[in-house]
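In each ligand, atom 1 is the first atom listed, and ligand 1 is the first ligand listed. From a predicted model like this one, the values you see are computed outputs, not experimental measurements.
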Amino acid sequence: MHAAKPKMTLGVNIDHIAVLREARKINDPDPVMALAICAQSGANQITIHLREDRRHIHDEDARRIIAMSPLPVNLECAIEPSIIGIVCGLRPHRATLVPEKRQEVTTEGGLDVSGNYSSILNAINELKDHEIEVSLFIDPTREAVETSERLGAQWVELHTGSYANLYAMRHSSLPHSHHAIESLKLSRQELDNKIEQAYGALVDAANYARSLGLKVAAGHGLNYHNVTPIVEIDTIEELNIGQSIIARSVFTGLATAVSDMKVLCQR
Ligand code: PXP
């Protein structure tokens with residue numbers, strides 16, 4: 001008999017509901033309304049990002065979401081001491097430390113854990129003093145995993161952006177994907193090899209992190225088309241997914257969008 005595969009949990013990133021609200025700067029749609037729907041539709045966690053420029057989630061959203069969520073809340077934030085102070089006051093279940101640049105559309109790469117060692121260590125210690133679990137959002141390399149373990153993080157979240165971008169280039173018919181392929185001058189076979197490499201890096205980093213006793217999450221750019229190979233990596237136990245779920249919810253409703261993704265997360 002085969003041993004049961006470890007379960008995969010699903011964190012739904014609801015920032016994009018606040019993005020839509022901010023397009024009009026009114027109070028609709030309210031991300032708090034998503035909490036019960038996500039919980040009823042199979043989500044295991046709510047993820048939000050309190051960005052330094054507060055471009056979508058505001059402090060008051062974070063406070064209400066943490067107070068009202070029936071699911072654990074994973075709060076993504078920068079390592080800035082002023083933000084860490086706010087997060088300690090908010091007391092989410094977990095804080096995921098992410099790199100942040102004001103101009104970027106979304107989080108573009110993993111944390112430079114070696115370059116920011118002492119600031120990250122200070123942030124981790126302060127969060128742990130407030131009994132907040134800490135995860136570091138890192139690129140899938142052994143070096144970043146090992147440094148995260150040395151820093152005392154309990155979790156790492158592996159950045160799946162490279163895998164997802166290459167997958168989109170290979171499979172989507174969006175004009176920018178074709179431009180990217182042309183500018184990289186890659187044949188389809190070369191692109192397949194690059195996807196294999198990006199995927200292999202995720203498998204290796206996840207296995208290594210688990211061997212060091214870290215818990216492993218992954219996320220960024222995951223969608224209904226590219227998620228299955230990631231779910232097959234047994235050492236990853238959680239995915240955090242936002243854009244694709246909220247985008248689908250516009251057409252199907254949030255409950256269906258979450259439960260469709262939950263089905264794909266089943267092992
Ligand atoms: N995980 C982290 C750490 C992130 O910063 C983000 C984007 O906010 C996500 C997951 C979700 O990414 P996406 O919206 O592309 O699914």
Heavy atoms of other groups near Arg267 CZ, more than 12 under 6.0 Å: yes

What do you reckon, does Glu76 have a nitrogen or oxygen under 3.5 Å from a nitrogen or oxygen of ligand 1? yes

N or O pair under 3.5 Å between Gly221 and ligand 1: yes

Atom CE in Met169, atom CG in Leu166: separation rounded to 0.5 Å? 5.5 Å

With respect to Gly242, determine whether any N or O atom, backbone or side chain, lies less than 3.5 Å from an N or O atom of ligand 1. yes

Could you tell me whether a side-chain N or O of Arg21 sits under 3.5 Å from a main-chain N or O of Ile57, the two making a donor and an acceptor? no

Between CG on residue Leu151 and CG on residue Asn116, distance to nearest 0.5 Å: 10.0 Å

Numbered atoms and elements of ligand 1 in range of Glu157, under 4.0 angstrom, heavy atoms: 1 (N), 2 (C), 3 (C), 10 (C)

Is the shortest distance from a heavy atom of Ser244 to ligand 1 less than 4.0 Å? no

Within a distance under 4.0 Å of any heavy atom of Gln243, pick out the atoms of ligand 1 and give their elements. 13 (P), 14 (O), 16 (O)

Can you name the atoms of ligand 1, numbered from 1 with element, that are less than 4.0 Å from a heavy atom of Phe137? 2 (C), 3 (C)

List the steps, then state whether ring pair (Phe, Tyr, Trp, His ring centres under 6.0 Å) holds for His159 with Phe137. CA-CA 6 Å; His159 199 309; Phe137 188 44; 4.6 Å; yes

Give the numbers and elements of all ligand 1 atoms closer than 4.0 Å to a heavy atom of Asn240. 10 (C), 11 (C)

Per-residue contact class, His159 against ligand 1 - non-hydrogen pairs under 4.0 Å: neither

Under 4.0 Å from any heavy atom of His16, which atoms of ligand 1 are there? 14 (O)

Looking only at distance, does His49 have an N or O less than 3.5 Å from an N or O of ligand 1? no

Interatomic distance, CG@Leu222 vs CE@Met261, rounded to 0.5 Å, equals 7.5 Å

Looking at Asp234 and Arg210, is there a salt bridge between them, counting it only when a charged N and a carboxylate O are closer than 4.0 Å? no

Any side-chain donor near an acceptor of the partner, Asn240 and Glu238, under 3.5 Å: yes

